[in-house]
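Keep in mind the model is a prediction, meaning the values are calculated, not measured.
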Amino acid sequence: MSHASAPAGAQLFVIDPIERLKPSKDSSVALMEAVQRSGAQVWICTPGDLCALGSRDGTGRDGHSAWAQAMPLQLQPISVGPDGWQVASPWFETGPAQLVPLQGFAAVWIRKDPPVDEAYLYATHLLEIAERQGARVINRPAALRAWNEKLGALRFSHWMAPSLVSSRVEQLRGFAAEHREVVLKPLGGRAGQGVVFASSATPGLGALLELVTGQEQLPVMIQAFLPGVRSGDKRILLVDGEPLGAVNRVPKGGEFRSNLAVGGSPEATDLSDTERRLCAELAPVLRAEGLFFVGIDVIDGRLSEINVTSPTGIREVERLSDIPLADQTIARLASLPATGSIQS
């Protein structure tokens with residue numbers, strides 16, 4: 001495989017195979033379009049394309065560097081019309097894969113969807129090598145490892161519904177008895193998958209708790225059910241700590257989960273004063289830990305999750321609220337100092 005250097009200003013996106021992305025919905029595609037509109041080149045690879053090379057220089061010292069077998073990407077313009085996003089077919093074209101040093105990119109985005117499994121964790125370690133050599137990685141690899149999207153919210157538990165994380169059935173059953181209606185969330189889930197509504201009167205509650213904890217081997221999060229979710233679950237997108245846009249996701253009939261992946265309907269929304277105070281409290285912590293692009297979920301003014309791996313919602317915000325959120329995100333990134341406030 002040939003070697004290459006990234007052109008000046010080029011940005012790399014570490015993503016799932018591009019054939020799996022849905023250009024009319026995927027925030028990664030929206031961000032890549034914005035990079036292309038800015039005049040910079042987009043490159044892509046998967047986590048499996050990352051590698052590290054060890055070497056010994058002429059002085060006898062050991063060295064190492066992080067690389068990717070990456071491809072340049074050219075996207076066809078995607079526009080919004082009366083019936084939604086208009087996508088060409090084919091909507092992208094790639095060049096030949098080349099071995100490229102990561103520190104040569106202006107930014108490296110890790111936008112691989114969960115699960116945060118062993119392969120994902122190793123990818124963050126490889127990206128951390130690049131970060132030590134001066135690469136700007138978004139979001140910061142150490143923060144991705146530290147911020148489980150359910151557990152991370154507990155840092156701001158005073159903003160949350162009453163919550164408990166445990167693998168013990170009796171503790172979980174006691175919480176359900178106290179709060180009557182509850183929601184059970186697997187800590188590694190995404191897009192509402194595996195989230196279960198239950199109550200203290202649910203037949204077979206003990207068996208359900210045994211099932212979701214894997215016979216008390218895995219902790220789960222149990223939260224008091226918020227009836228306000230029937231009016232929607234708000235996704236707020238924060239860029240360098242600032243909320244740039246939001247979309248309200250309303251559950252379909254007979255469903256309490258509002259995630260778009262399980263049939264929730266997006267609608268335009270604004271931030272309440274309470275939500276702005278929440279964002280202001282989160283902002284310095286997110287900046288300090290290198291979490292540049294984050295999506296938080298808020299139900300009736302209560303923080304539900306802090307999504308840091310591959311937050312989505314850009315397409316819905318842009319279509320419903322006419323906010324060029326992807327372009328604003330890339331412009332905000334370009335305005336940061338060379339060392340990056342996201343690295344501080």
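Between the side chain of Glu318 and the backbone N or O of Leu325, at least one donor-acceptor pair lies under 3.5 Å. Counting only distance, with no hydrogens or angles, the side chain of Lys234 and the backbone of Asp270 share a donor-acceptor pair below 3.5 Å. A donor-acceptor pair under 3.5 Å links the side-chain atoms of Gln36 to the main chain of Leu75, judged by distance alone. A donor-acceptor contact shorter than 3.5 Å is absent between the side chain of Arg168 and the backbone of Pro219. In this structure, Glu275 contributes its side chain and Ser272 its backbone to a donor-acceptor pair below 3.5 Å. Side chain of Arg140 to backbone of Glu128: no donor-acceptor contact under 3.5 angstrom is found. Of the possible polar contacts, one joining the Asn248 side chain to the Ser231 backbone as a donor-acceptor pair under 3.5 Å is found. Side-chain atoms of Thr202 come within 3.5 Å of backbone N or O of Ser199 as a donor-acceptor pair. Side-chain atoms of Asn139 never come within 3.5 Å of backbone atoms of Thr309 as a donor-acceptor pair (strictly under, hydrogens ignored). Judged by distance alone, with hydrogens and angles left aside, the side-chain atoms of Asp49 form a donor-acceptor pair with the main-chain N or O of Thr46 at under 3.5 Å.
Between Lys112 and Ser310 the shortest side-chain heavy-atom distance does not fall below 4.5 Å. Looking only at side-chain heavy atoms (C-beta outward), Ser304 and Lys185 come within less than 4.5 Å of each other. Residues Leu303 and Phe156 form a side-chain contact, since some pair of their non-hydrogen atoms from C-beta on lies under 4.5 Å apart. Side-chain atoms of Leu187 and Met221, non-hydrogen and from C-beta on, do get closer than 4.5 Å to each other. Side chains of Leu12 and Cys45 form a contact here, defined as non-hydrogen atoms less than 4.5 Å apart.
In this structure, Arg302 fails the cation-pi test against Trp159, since its NZ or CZ atom is not both closer than 6.0 Å to the six-membered ring centre and inside 45 degrees of the ring normal.
In this structure, Phe13 and Trp109 have parallel ring planes: the angle between them is below the 30° cut-off, well short of the 60° mark.
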query = Going through the distances and angles, do Ile236 and Val298 end up as a side chain to side chain contact (heavy atoms under 4.5 Å, CB included)?
reply = CA-CA 8 Å; Ile236 304 172; Val298 180; 3.9 Å; yes
message = Working note: Asp26 + Arg315, criterion salt bridge (charged side-chain N to carboxylate O under 4.0 Å, His left out); need CA distance, chi angles, decisive distance, verdict.
response = CA-CA 7 Å; Asp26 200 286; Arg315 288 297 197 203; over 6 Å; no
query = Does the side chain to side chain contact (heavy atoms under 4.5 Å, CB included) test come out yes or no for Leu237 and Leu244, once each step is laid out?
reply = CA-CA 6 Å; Leu237 292 170; Leu244 293 189; 5.8 Å; no
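Remark: Leu172 CG to Glu216 CD distance equals 8.5 Å, nearest 0.5 Å.
Partners of Phe293 under the ring-ring contact (aromatic ring centres under 6.0 Å, His included) rule, at least two apart in sequence or in another chain, do not exist in this structure.
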